[in-house]
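Let me begin by presenting the structure, written as structure tokens, before commenting on it.
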Amino acid sequence: MSIKKLPDAEFEIMRAVWHSEEPVTSPQLTDKLRHELPEKDWKQQTVMTMLVRLEKKGFLRSDKAGKERNYYAEISESEYLQVEADSFRKRFNGGRISGLVKALYSDESISDEDISELKDWINKL
């Protein structure tokens, strides 16, 4: 299955699922989103609609538990973030990692800790 980029609101729902103990229900997710992203007006029906979409896209699976549905992530956060990072890298800087790193840090200094982590990563490759 090819993982597609999610719209922002669907990504926020997936992030809430990834950072919750599974299984999670739509009321639990709605409460979590309202608490963590209060600037958005999260309505229960909207969250439920997006959960159905995410399930159709293969990001979630669910099972019926009484009157509620339990939701489980089918795609991990790290899998999805890899897709996002690859897409970003390809769209900007012609796919070159060095260009991406330069763009990300063009106006900021890189800490010694960041440099050390990058060196360790490169050496492992």
Looking only at non-hydrogen atoms, find the nearest pair between A73 and E22 and report the distance. N-OE2, 2.7 Å
CD-CG distance between Q44 and D31, expressed to the nearest 0.5 angstrom: 8.0 Å
Nearest 0.5 angstrom please: K119 NZ to D112 CG, how far? 9.0 Å
May I ask you to decide if W42's main-chain N or O and T46's side chain share a donor-acceptor pair within less than 3.5 Å? no
Nearest heavy-atom approach of R69 to S62 is NE-OG, 2.9 Å
Does V47 share a hydrophobic cluster with V52, counting links as ILVMFWY side-chain heavy atoms below 4.5 Å and allowing steps through other members? no
Which is it for I13 and M50 under the side chain to side chain contact (heavy atoms under 4.5 Å, CB included) test, yes or no, and what are the steps along the way? CA-CA 8 Å; I13 289 174; M50 288 191 210; 3.4 Å; yes
Verify whether one side chain among S20 and Q28 offers a donor that lies under 3.5 Å from an acceptor in the other. no
Side chain to side chain contact (heavy atoms under 4.5 Å, CB included) evaluation trace for M14 with F59: CA-CA 8 Å; M14 281 306 301; F59 280 82; 3.8 Å; yes
More than 12 heavy atoms from other groups under 6.0 Å of CD on E39: yes
Would you please test K5 and Y80 for side chain to side chain contact (heavy atoms under 4.5 Å, CB included) and show each step? CA-CA 8 Å; K5 184 175 181 337; Y80 182 74; 3.8 Å; yes
Heavy atoms from other residues, nucleotides or ligands near CG of N123 exceed 12 (cutoff 6.0 Å): yes
For a quick test of reading the model, state the closest non-hydrogen atom pair linking P23 to N70 and the distance between them. CB-CB, 3.4 Å
Would you tell me whether E77 and H19 have side-chain atoms, one donor and one acceptor, within less than 3.5 Å of each other? yes
When hydrophobic residues are tied together by side-chain contacts of less than 4.5 Å, even through go-betweens, does V17 share a cluster with M48? no
Does D120 CG have over 12 foreign heavy atoms under 6.0 Å away? yes
Are side-chain heavy atoms of L51 and E55 found at a separation under 4.5 Å? no
Crowded around K4 NZ? As in, over 12 foreign heavy atoms under 6.0 Å? no
Among side-chain atoms of E68 and T25, is any donor-acceptor pair under 3.5 angstrom? no
Over 12 non-hydrogen atoms of neighbours within 6.0 angstrom of NZ in K64: yes
Given the rule in the side chain to side chain contact (heavy atoms under 4.5 Å, CB included) test, do Y72 and D63 qualify, once you have shown the distances and angles that lead to the verdict? CA-CA 9 Å; Y72 307 84; D63 59 37; 3.3 Å; yes
Between E10 and K57 (salt bridge meaning N to carboxylate O under 4.0 Å), is one present in this structure? yes
For E12 and L37 the tightest heavy-atom approach is OE1-CD1, 3.3 Å
Please name the pair of heavy atoms, one in K32 and one in A16, separated by the smallest distance, quoted to 0.1 Å. CE-O, 3.6 Å
According to a hydrophobic-cluster definition based on side-chain heavy atoms being under 4.5 Å apart (Ile, Leu, Val, Met, Phe, Trp, Tyr only), do L54 and W18 belong together? yes
State, yes or no, whether a side-chain contact exists between Q45 and T49 at a heavy-atom distance under 4.5 Å. yes
